[in-house]
Every structure is written in C-alpha cells, then in structure tokens.
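Computed over heavy atoms, backbone and side chain alike; hydrogens, waters and symmetry mates excluded.
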Amino acid sequence: MIKRPPSYSFHFKTRKRKISTCSAAAYLDIPPPTATLPNGHKTLCFSLAENLFRRGRLASAQEIIQRIVTDSSTVPDAISTVDFAASRGINLSVGIYAAFVRKLVDLGEPNFAYTVYCESINRSIQPNASITNSMIICFVKLGKLEEARLLFDKLIGNGCVPCNAACNVILRELCGQEMFLEAFDCFVRIRDAKMQLGMWFYNVLIDGLCSKGCVGDAMEVFNLMPKRTSFLPTLHNYKSLFYGLCKRGWVVEAESICGKMEARGFFVDKVMYTTLMNVYIKDKKMKMGVRIFLRMLKMGCYPDTVTYTALIQGIAKMGYFEKAWILYNQMNESRMLPDAVTYHVMISSYCNVGKVDCARMLLNNMAHCNLVPSVHTYTALIAALYRSNEVAEIDELYKSMLGHGVFPDHVLFLILMKNSRRGNELQLCFLMLQEIFKNCCGLEASLLSGSININPLMNLEQEIELLLEKIIRSNLNLAKVAFCIYITALCERGKAGAALACLRKMVDVGCIPSPFTFSSLIMCFCRNGHSDSIKSLIDIMQDWGIVPDSATYSVMVNEYCQQKDLKSAFLVLDQMEEKGLKPNVAIYDSIISCLSREKKMFEAETLFQRMLKAGVHPDETVYVTMINGYFRSGRILEAHQLFEKMIQYAFPPSLDSYTALISGLVKNNEIEKGCVYLDRMLRDGFVPNAVIYASLICHFLRKGHLEFAFRLFDLMDRSLIEIDLVMYIALVIGFCRNINGVKQKLCQVTGASERMRERLLQLLCQGNFLPKKNILRFSANSPEAMKFFAFKLMYKIKGTRFMPNLYLYNGIIAGFCWADRIKDAYIQFEKMQSEGLCPNEVTFTILIGAHCRAGEIDHAIELFNLMNANAYSPDKVTYSTLLKGLCKASREIDALSLFFTMHKRGFFPNKASYENLIRLFCARHLSIPAFKLFEEMLAHNYLPRQYTAEWLLHILHEEERLHESHIVLDMMHNRAITKSVAETNQVVLYGHPFTSVALTNFS
C-alpha cells in the first residue's frame, strides 16, 4: 500500500496480474496541460479503460490510465486516476508509475513521490529511465544529492540518456554547493551523451573550476562552449580563465587568452597586463615581464602605481637594486605617488641588501605621507634588525607597530620565535595573543623581556586556549591569525597531535586555515618521523575545501628530501602533475640537490631533463646544484661543460656559480684550472666572498695543509669579510681535529702544487686589494701554536653577535675534547644548558669519545647510561664510539654486551667496530668469539684488513682449529686480502714469527 498525505483518498487493490513493461520515456518531456481535463471526457476515458480491461486488453487499458495521469494538472486528479485503476483491478504498469512519480515531482510533492517510488520497488517493478530521471530531480529537491548522483551514474551506466531537467537540476545543485569538481565530472558525462546545456552552466563551471585551481578542466569547458551552445565566450569568461591560469602560473596559456580576447575585439585592461607581468616576474622571467610592460605602453594602456610596484619588486628580486631605485624615482617624477605596497617593496629590498638605516628612513617617510605600514613591512625590518644584531631597536619598533594599530601575524611570530631562546615558543605565543585580543593597545611589559602572569592552577596551554575563546567571541578574523600563531608554536614544540586538534577546532568555529598552517604541520610531522601521515593531512586539507598550493607542495618536497625520502618526494611531484599543477623550479632543485648529495647523478640528470620537458625553465640555482653534484661524483668535465652551457643559455656567471666551480676544481685537486676561473671571476668584477674562502679553508684542513689554511683564514680576516656562524663552526672543528696530530697530518706537496697554491693565494689577495707581501706565515709544526689559535677562534666566536645554537656549542665542545681539555668542554656543556639549549645525541657522543680517548672508560659508560635515563636515544655512532673505547680498555665482556644491545636496537656495527672486537678477542686468545665475529663481518660484506685476518689465523693455528683456519685462509685467498701462501715467507704479528711452513700445514 502506497502511503500518501492524509488529504487524499487513495487505495490500491492487490490483484496480481502480469504488468506491461511499456516504456513511458516518450511522455517525460511533455509539459503538463494548463487546464484540468473536463469531467465528461475523463469519465469517458475511465469507461474506455474499464471496457478494454474486461476484454482482456490490459496493455491498452494501462496506456489510457497513464495518459490520464500525465494530463492531470493537480495531485488529487492524478491520485483519483490511480485509485480508479486500482479499484478496477488494473495493475499499475511501470509506465503508470513513471507518469505518477513525474507528476508528483512536477507539482511539488517530492516526499509523496519518494513514497510512490519505494512502493514500486516493493512491488518488484524495475524502474525505467523515466522513473530514474524523475527521482534524480526528486532527490535533489529533498536535499539528497548523493542519492541523486548515484541514480545519475546508474542511468548513464545502463546506456540511457538523462533528460534535460535531470541534468540541469543536478548540475545546478552541485554548482550551488561549490562542488565544481563533481559538477565537471557530471558535465563530462553529459557531454559524452551529447546533451545540450544552457550558457549559465558553462559560465558557472568556468568560474568555479578556476576558483578551485582546476584550470585544465576550465579550459576544456571553455573550448567546448562555442561548439555546443553556438554562443561565443563572453568577456567575463575570458577574464575568469585568464586569472585562473595566472594563479596557477600557466603564463603562456594566459597570454594566449589575451591574444584571443584582442582578436574578438575585447580590450585587455591595465589589471590584466599587470597580472601577466607579475606572473612572468615571479617565474624570474624579467625580460618577458618587461616585454609585457612595453606592449602595455604600445597599446595605449598607461601604467599605474601597482604596475610600477610590480616592476620594482621584480627588478629588486633579481638583485638589481640600483635599477629598482631608478624606477622608483621615475615613478615619483611622473607624479605617481607610491602607496603602502611600493614602500613595502623598497623597504624589503633595502633590508635584503643590509641597508637597515635606509629602510627605517623610508618607514618614517610613510608617516609623512599618511600611509600606515603593514605587518609585513614591520616583519621585514625586524628580521633585518636581527641580522644586523640591533636587538635593542626591535622592541621599540614592535611597540611602534602596536601604536599604529597594526597587530602581529604568524609570520612575525615565526621571525621572533626563531630568534628567541628555544623553549619559549608558548610564552611568546601567549604574549602575542594578548596583543591581538587588546587590538594592539600595547602591554605594560616588553614583548622580548616581559613577564607573563599565569594562573598557578592552569598551565600555559590552557591559558592560551582561554584567550583563544575570548578572541573567537570578539572577532573571527583576528581568531584566524591567533589560531595560526598557536598552531605554529605547537608545531615548533613538536606537539603534532595538539596542533592537529587545534586545527580542527579552527575549522569548527568557521576559520579557514591558510596553506602556511598546513605547511607548519607538515614540517612537524616530518620532524617527528610521521612522514607517512602527510598524505592524510593533505586529504583533510582538500576535504575542507583548501587547495594545496605550490608553496605547500614545496614544503613537503623539502622535508622529504631532508629525510632522504626520495620515493615520497617523487610521488609528490607526480601528484602535482596529475592535478595540473606546474611544479616550480625550486621543487625540482630540492630533489636534484638531494640526488646529487647521494651521488645519484644519473637520476639527477634524468630529472633535469624532465624539468625541461615540462616547460620549467632552470634558474642559476639549479645549474649550481648540478655543478656541485658533478664535482661530488668526480665528474669534472661534465661540471665544466654545464658551466659553459649555462652561459650559453643567457645566464651570465654570478658569484655563486663561480664559487661552485672554483671550489669544486680545487677540491678535486685541479688547482690550476681553479686559478684560471678565479682570474676570470676577478676580471668580471666579482670579489671573493666568505663562501669561497670557507670551502677552500675546509678543503685544505681536510687535506692536512694546516699552514696554508691558516694563511687563508688570516687573509679572509684582514680582508674584512664577514664570517658567518656556519663558517666559525667549520673552522673550530677543522682546526681542533688537527691539534693532536699535527706532525702526522702535515702533507708533503710537490713544487708544482706549492706554486699553484701560491698562485691561488696571490689571486685572492688581488681580489681583496691586499698586497701579497703582507700575508703572514704561520708555523703549524707546533701543537701549542695550533691550540692557541683554535682557542682564540673559539673565544672570538663567543664575542660575536651570533645567537648561540646547538651546532656552535657542539663544535666548541668537540674542539676542547680534541685538545684534551675535557673540563673546559664540560664548562661549555653546562653553559649551553643554562642558555636554554638542550644537548643532543651528538653532544653526548663527543663527550663519550673524549673520555674513551683519555682512558676514562667508566665516565664514558656513565654518560651512556645517563643518555638512556634521560630519553636520549643513542645512535649508531654513539654505540661505535663507546664500543671502540671498551675494546681499547680491554673490557671484552662489556664490549660484547654492548654489541648485543646494538643488535637489539636495530643497529649493526660498522667495519671498524668489528675489527676492534676481533682484535680484542685475539689479544685475549679467545678464538671462538673472534671467529664468530669474523663470520658475521663477512656476512655483512665487510672485508677485514690483512692485519686482522692474519692475527686471527695465527690464534687459530696455535689452538689447532684446522676447520676454522681453512675458512679464514680461503677468505684470504678468494678476496685477495693477502698474497698467496707460496709468495709469503714470513709474517710477524706482535712479535710472533709465523712462517710459511706453518701456513703450509693449513693447506
């Protein structure tokens, strides 16, 4: 029995007859009549149907009932017709059901139509195309979009063509809910069925797909529109597609759209020219950007402040700040007043070149022009002040920002957090959220040194969450900024779970997260070793309607490359291309750099060619990365050829490319060629910088040319070249590692090599305008002189403007340890912790190694146990260092115990560790454990030294273990560790004569 509204009389008889399967598809598109059938005519139709049924012509009777239902103009008329058929025993056919459902849907009774549809299913009536079309419309009206889509897919899957009404209603609903990707999928199916759609759908789909970043799909709809609708694209269509292409970086296609617009007689306006120019400039195609600018002038479209600002920004980013300043002055001379964005570009450019005073002068000029700087302008200036070590000025500038009503954002928080003491991220977050809540009215305490009043019954995270609730109730826009800051702070502390929960809360209250927020979470997941969860995070991002941009994917690729997870990095690259996103050159450079560091230059070359085929133009950074990779792999000729090819492709060699080439040549002992390019670099007007000095000094330190390294450092210091923190750390480690082995590490060089080194030094003097005769010569023969210089360097680092970091302290601690000054190392160890820096596994390993070298093995074991007690996980290097110390101290039981612990932790000893253990057991005449270690060493494809193998063979011979001796001897023959037995006359191991006669006994 079909359920119905109570106002209608409606009953069916359930006599079972064979139901006709007559199709009612032909009636679906017939519009309902505007007037009700006359009662007399309706009575005659009923009588005719009844007579036909009595004569056994059921199908004809059902057709008449179906026609009456179709022609009914009201729901009661349709119900009375169905009631008549049921009362006379005329079984309802699929056609009658189709007409009835269609009539109920058209007359605004979708609930009743759904009831009739369910009744037909219960009566085992198979719905035809007409019923399915009607139910698609019915489900959409009932808000059951998913059910409508399932029926739509089923209808097309059965080879049927949906009606216009069903296509229109489902597409309109999908577009109304901004489900443009699903709408495009339906559009493709409709297109394949050759159905016609109105112009409205094409307009909405193009706009919606462009807003979602699916410009490839939008172009497909755009190209199909004139073929299917006989309408040409409107100006709005052209602009929607143009801006969508520009947003995705498809600049060539965007310019093609401009050409089609002009061919149609449409005018490309100033905003479109500026947008196109911006895309070229962001892609570092400055010549193309200038070409668009000149074309703009030629077409009579005069630039405005925004256009000039885009040009200034592009020129400044390319490093031509003087030209940017000339253009800025030209804009002022044209009586075109700079706006806040123009000032921001110029201030940022000054900050990038280290001219902080000029940047502050421009900031003051903004006040005279009644322009309020944005938070981004203040952020650029604060970052520059940190770099120039003017920390006292930062607090004053921050207060000035608050006084102008500018509240901080997540980028400024990131800058302040990176330059503050580690562990204070949540405190800084709380202070910033207070500023946001007070709408930048200021705090009594300073941001950098102020105290925080926290409820003793609550922790800092609870206080921040309460503050967040207040901000949410006050202003959702401010709440979005506050959420981003809090999530960034949680990610920096490694609290990925809390950050993800905060992100969900952010969405629940109606704040849309920015891609930057997701990037912070991605980096946090990678650092915590949960890189497999990134895909789920991207899925969440897309479920919330946030399209990952190139910056998000770039962060993912960078993190994967830092983790050396090249498989995941390539997977991200493939996903971007599948989604129509064009990977930028920085993403390719990250993967190529990782491949080159792993010395996988064949794969790097393949990826480089793939980048070219994808239409991504390489920049100088990629070329330098490839050149460095070739040098790492020892492929000097390819590096030289690529450098020359870079020049052919209109990339004039810069200081970075010269530095890569010269350093690589010197490191590969091609000093003469390095001098040739250094001379060429000087003739091109470049001055040697800190990077080239650092690479040369570190190279000669590794080679043991200590005196020459001293002279290079002295030349660098007197040339007033600023030394960065990384350089200081490298110097400390390099010098200190040579302190105790000066005489052994001094290398003998030939006269030709000496002459080339002097030539190199002379060219460096020429580049820094220093006379060669003033270069000091150091005596590297004295360990005391070496120690004095190393300690002087350490204390010089402590007096610089650099913020102490873990790497610096590890370098200083390592220096003191290598100089056998463990007490001084522990003073630095404690000072590091007092400054808020926690030691890591490397710090403990350095100290453990120092105790082992000093013979203080118990102290080393104590430190190792302290690591485990404080949740520091020893790594393979830590185990190997302690194992070497235990072997040196002849503590075989402790060494074997540590060896088994390594296995349990999933670490396998390296070759040196195996050899140390074998020698220890040989010294103790413990041949069985020594032989087992020997076999395990071979199983890991480690080849023991001749010295180790012969000693083990000697011990086995003494104990008359012939079987084991044969195994060792076979290995010695098969793996060419020693000469054949016949050629060996006598081997002396630690004073034990081992004659050829003894060897013959084993044979």
**OP:** Give a yes or no answer on whether the side chain of T625 reaches the backbone of T621 with a donor-acceptor pair at less than 3.5 Å.
**Re:**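 Yes; judged by distance alone, with no hydrogens or angles, the pair exists.
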Original post:
Between the main-chain N or O of I592 and the side-chain N or O of S596, is there a donor-acceptor pair closer than 3.5 Å?
Top reply: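 Indeed, once roles are kept as given, a pair shorter than 3.5 Å links the two residues.
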Closest heavy-atom pair and its distance - [X], [Y]:
X    : Y    : answer
C852 : T881 : SG-O, 4.0 Å
Q833 : P839 : CG-CD, 3.9 Å
A660 : I627 : CB-CG2, 4.4 Å
E465 : Y486 : OE2-OH, 3.6 Å
I591 : V557 : CG1-CG1, 3.6 Å
L898 : L883 : CD2-N, 3.7 Å

**OP:** Measure the spacing between CG of L595 and CZ of R632 and express it to the nearest 0.5 Å.
**Re:**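 Here the interatomic distance stands at 11.5 Å.
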Original post:
Parallel, tilted or perpendicular: which describes the rings of F899 and Y914, with under 30° parallel and over 60° perpendicular?
Top reply: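 The arrangement is perpendicular - the two ring planes meet at more than 60°.
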Original post:
Do the side-chain N and O atoms of D875 and T878 include a donor-acceptor pair separated by under 3.5 angstrom?
Top reply: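 Present: a donor and an acceptor within the cut-off.
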Original post:
So, do Y879 and F864 have ring centers that fall under 6.0 Å from each other?
Top reply: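 Yes, the ring centres sit under 6.0 Å apart.
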Subject >> side-chain hydrogen bond (donor to acceptor under 3.5 Å, both in side chains) partners of E915, counting only residues at least two apart >> reply: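 E915 satisfies side-chain hydrogen bond (donor to acceptor under 3.5 Å, both in side chains) with R919, T948 only.
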**OP:** Could you list the residues that satisfy side-chain hydrogen bond (donor to acceptor under 3.5 Å, both in side chains) with N558, not counting sequence neighbours?
**Re:**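 Residues passing side-chain hydrogen bond (donor to acceptor under 3.5 Å, both in side chains) with N558: S590.
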Subject >> Listed partners of F931 passing ring-ring contact (aromatic ring centres under 6.0 Å, His included), at least two apart >> reply: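 Residues passing ring-ring contact (aromatic ring centres under 6.0 Å, His included) with F931: none at all.
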Original post:
Who pairs with R597 by salt bridge (charged side-chain N to carboxylate O under 4.0 Å, His left out), at least two apart in sequence or on another chain?
Top reply: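 Applying salt bridge (charged side-chain N to carboxylate O under 4.0 Å, His left out) to R597 gives none.
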Subject >> For E598, all residues meeting salt bridge (charged side-chain N to carboxylate O under 4.0 Å, His left out), sequence neighbours excluded >> reply: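 For E598 the salt bridge (charged side-chain N to carboxylate O under 4.0 Å, His left out) partners, ignoring immediate neighbours, are K564.
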Pairs under 3.5 angstrom only: tabulate donor-acceptor contacts from the side chains of residues 884-891 to other protein residues two or more places apart or in another chain.
unit_1, atom_1, unit_2, atom_2, d
R891, NE, D894, OD2, 3.0
R891, NH1, D858, OD1, 2.7
R891, NH2, D894, OD2, 3.0

